[in-house]
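Report on one structure; see the data block that follows.
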Amino acid sequence: MSATFSPVLLDALRNARHLLVFTGAGVSAESGIPTFRDALTGLWERLDPAELATPDAFAHDPALVWGWYEWRRKKVLAAQPNLAHHVIAELVTCVPRLTLVTQNVDDLHERAGNTDVIHLHGSLHQPRCSVCGQPHALHSDAPIEPEEGRRLEPPRCVHCGERVRPGVVWFGETLPEAALNAAFEAARDCDCLLSIGTSGVVQPAAMIPQLAAESGAVVAHVNSQSMTVLGPRQVSLVGPAGKVLPALIDVAFG
Ligand code: BJW
Ligand code: ZN
C-alpha cells in the first residue's frame, strides 16, 4: 500500500501523550477469525444474532448457543496473532501512554504481548455461571469437540448446579462497568485514537471514537472499507490492518 499518511496523523502519533487504540473484529480477521458484518464472510451474514447472541437465545436453546461459542473458542485457540496485533503490541514502546480497548472476545492482543487490555464485550475464555455468576474453569488441555452447528450441553456450575454461560456480552446486556468507564475516560483523555477493524455500529462502544474526537483527539480509522470521517482531524486509512499498521508505524516512528 502507499506509504503516504496525513501529516496531521503523523504529528499526532509522534507527539501523543496518550494514544488510545480501539479494536474490533477486523483486527483478528487476518488470523482467520470471522468478523460479524463483512459481506459473505461475516458471522451475521449467515446466522441470526437473535438466535445466538442474546440472553433469550441461551434460555431457549442453551446447547445450540454453548456449542456455537465452543466452536468459536476452538477457532481462536488454533489461531495466532497477526501483524496488526504485533504492531499494536510494539506501539506501547513508541508512546508515553497507550490504552488498548477491544470489542473482541478473543485473546490475540494478549498473546501478541499487550497487557491490561480492556475487553468491553467480555471473553470467550472466561465463562461463568448463568445464575450465581461464579467463574467456571475451562481445562485448556481438554479436547474441544464441536464443529460449527453442533449442539453441546453447557457444563454445570460447581457452586450452584446451574448452567455455565459464555463470558461475553450479549445484545441487551450491559457492558462491564469498570471496563466501560475506563474506556470512556481514556477516550476523553487521549490526544490520538486509532480505531481499527470495527464497523462502529454497536453501542455503547461506538461512542468511543466520537467521544475522543469531541475531546480534541486526532482519530484515524483503519479499515478494509472506507469509513466516513467528520472534519480535518479524522482520517480513514483503507486496507487490511496487517498492511496499513506496519506501514503507518514505519513512517511515524521508523
Ligand atoms: C477489516 C479487516 C481487516 C475486516 N483489516 N479492517 C443505541 C442505539 C441503537 C441500539 C442500541 C443503542 N444502545 C444499545 C443498543 C442495542 C445494542 C446495539 O448497539 N445494537 C446495534 C447493532 C443497533 N447494544 C447492546 O445491546 C449493548 N448493550 C447495551 O447497550 O446495554 C444497555 C442497553 C440494553 C438494552 C437497551 C438499551 C441499552 C451490548 C452490545 C453487545 C455486543 N455483542 C457482540 C457479541 C459479543 C459476543 C460474541 O462475540 O458473540 O459483540 S455483537 C458483535 O458486534 C460483537 C462485536 O464486539 C460487536 C462489534 O462488531 P465489530 O467488532 O465492529 O465487527 P464488525 O464485523 O461489525 O466489523 C468489522 C469491521 O472490520 C468491518 O468494518 C470491516 O470492514 C473491517 N475489516 N477485515 C481492517 N483485515
Ligand atoms: Zn452458579
Side-chain angles (χ1 to χ4, degrees), residues 20-29 31 33-37 42-44 47 49-59 61-77 79 81 85 88 99-112 114-140 144 146 152 154-155 157 159 162-187 195-208:
L20 174 54
V21 178
F22 173 59
T23 65
V27 83
S28 296
S31 295
I33 308 297
T35 65
F36 295 92
R37 298 173 184 83
L43 291 168
W44 298 159
L47 301 165
E51 286 175 17
L52 291 162
T54 66
D56 280 354
F58 186 66
D61 195 343
L64 177 77
V65 173
W66 183 260
W68 187 64
Y69 278 95
E70 280 296 271
W71 166 71
R72 286 180 53 204
R73 189 168 71 89
K74 180 176 161 184
K75 274 188 99 63
V76 168
L77 288 175
H85 296 105
I88 293 166
T99 301
L100 175 54
V101 175
T102 189
Q103 299 167 85
N104 296 347
V105 295
D106 63 47
D107 61 352
L108 296 177
H109 283 306
E110 284 87 349
R111 280 158 56 193
N114 281 103
T115 54
D116 304 322
V117 183
I118 298 172
H119 282 269
L120 290 178
H121 293 161
S123 165
L124 286 173
H125 309 283
Q126 291 166 7
R128 63 174 189 275
C129 175
S130 58
V131 174
C132 76
Q134 285 290 320
H136 175 82
L138 287 167
H139 299 290
S140 53
I144 307 174
L152 188 68
C157 171
H159 302 279
E162 295 292 341
R163 285 191 182 92
V164 168
R165 58 160 283 176
V168 303
V169 181
W170 285 322
F171 286 112
E173 294 188 311
T174 51
L175 276 61
E177 196 182 344
L180 189 61
N181 287 342
F184 280 171
E185 200 182 309
S195 175
I196 306 167
T198 176
S199 55
V201 296
V202 174
Q203 296 293 351
M207 287 162 65
I208 289 168

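Partners of Glu177 according to the side-chain contact (heavy atoms from CB on, under 4.5 Å) rule, which considers only residues two or more places apart in sequence or in another chain, are Asn181. Listed by chain and residue number, His85 satisfy the ring pair (Phe, Tyr, Trp, His ring centres under 6.0 Å) test with His109 (two or more places apart in sequence, or in another chain). Applying the salt bridge (charged side-chain N to carboxylate O under 4.0 Å, His left out) rule to Arg163 yields the partners Glu153; only residues at least two apart in sequence or on another chain are considered.
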Next item on the list: Decide yes or no on side-chain contact (heavy atoms from CB on, under 4.5 Å) for Val202 and Arg37, but give the supporting numbers first.
Entry: CA-CA 11 Å; Val202 174; Arg37 298 173 184 83; 3.2 Å; yes

Notebook entry, point to check: Going through the checks in order, is the side-chain contact (heavy atoms from CB on, under 4.5 Å) test met by Leu77 and Arg73?
Noted result: CA-CA 6 Å; Leu77 288 175; Arg73 189 168 71 89; 3.9 Å; yes

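Of all non-hydrogen atoms in Phe22 and Ala205, the two that sit nearest each other are CZ-O, 3.5 Å. Of all heavy-atom pairs spanning Ala53 and Trp44, the tightest one is CB-CH2, 3.8 Å. Closest approach of Leu124 and Leu138 over heavy atoms only: O-CD1, 4.2 Å. Contact detail for Asn104 and Thr23: the closest heavy-atom pair is ND2-OG1, 4.2 Å. Shortest non-hydrogen contact noted between His119 and Ala179 is O-CB, 3.9 Å.
Just one residue in the list Tyr69, Trp66, Trp170 forms a side chain to side chain contact (heavy atoms under 4.5 Å, CB included) with Arg165, and that residue is Trp170. Under the side chain to side chain donor-acceptor pair (under 3.5 Å) test applied with Asp106, the options Ser31, Ser28, Ser123 reduce to a single match, Ser28.
Residues Val76 and Arg111 form a side-chain contact, since some pair of their non-hydrogen atoms from C-beta on lies under 4.5 Å apart. When side chains are defined from C-beta on, Val169 does not count as touching Leu120, because their heavy atoms never get closer than 4.5 Å.
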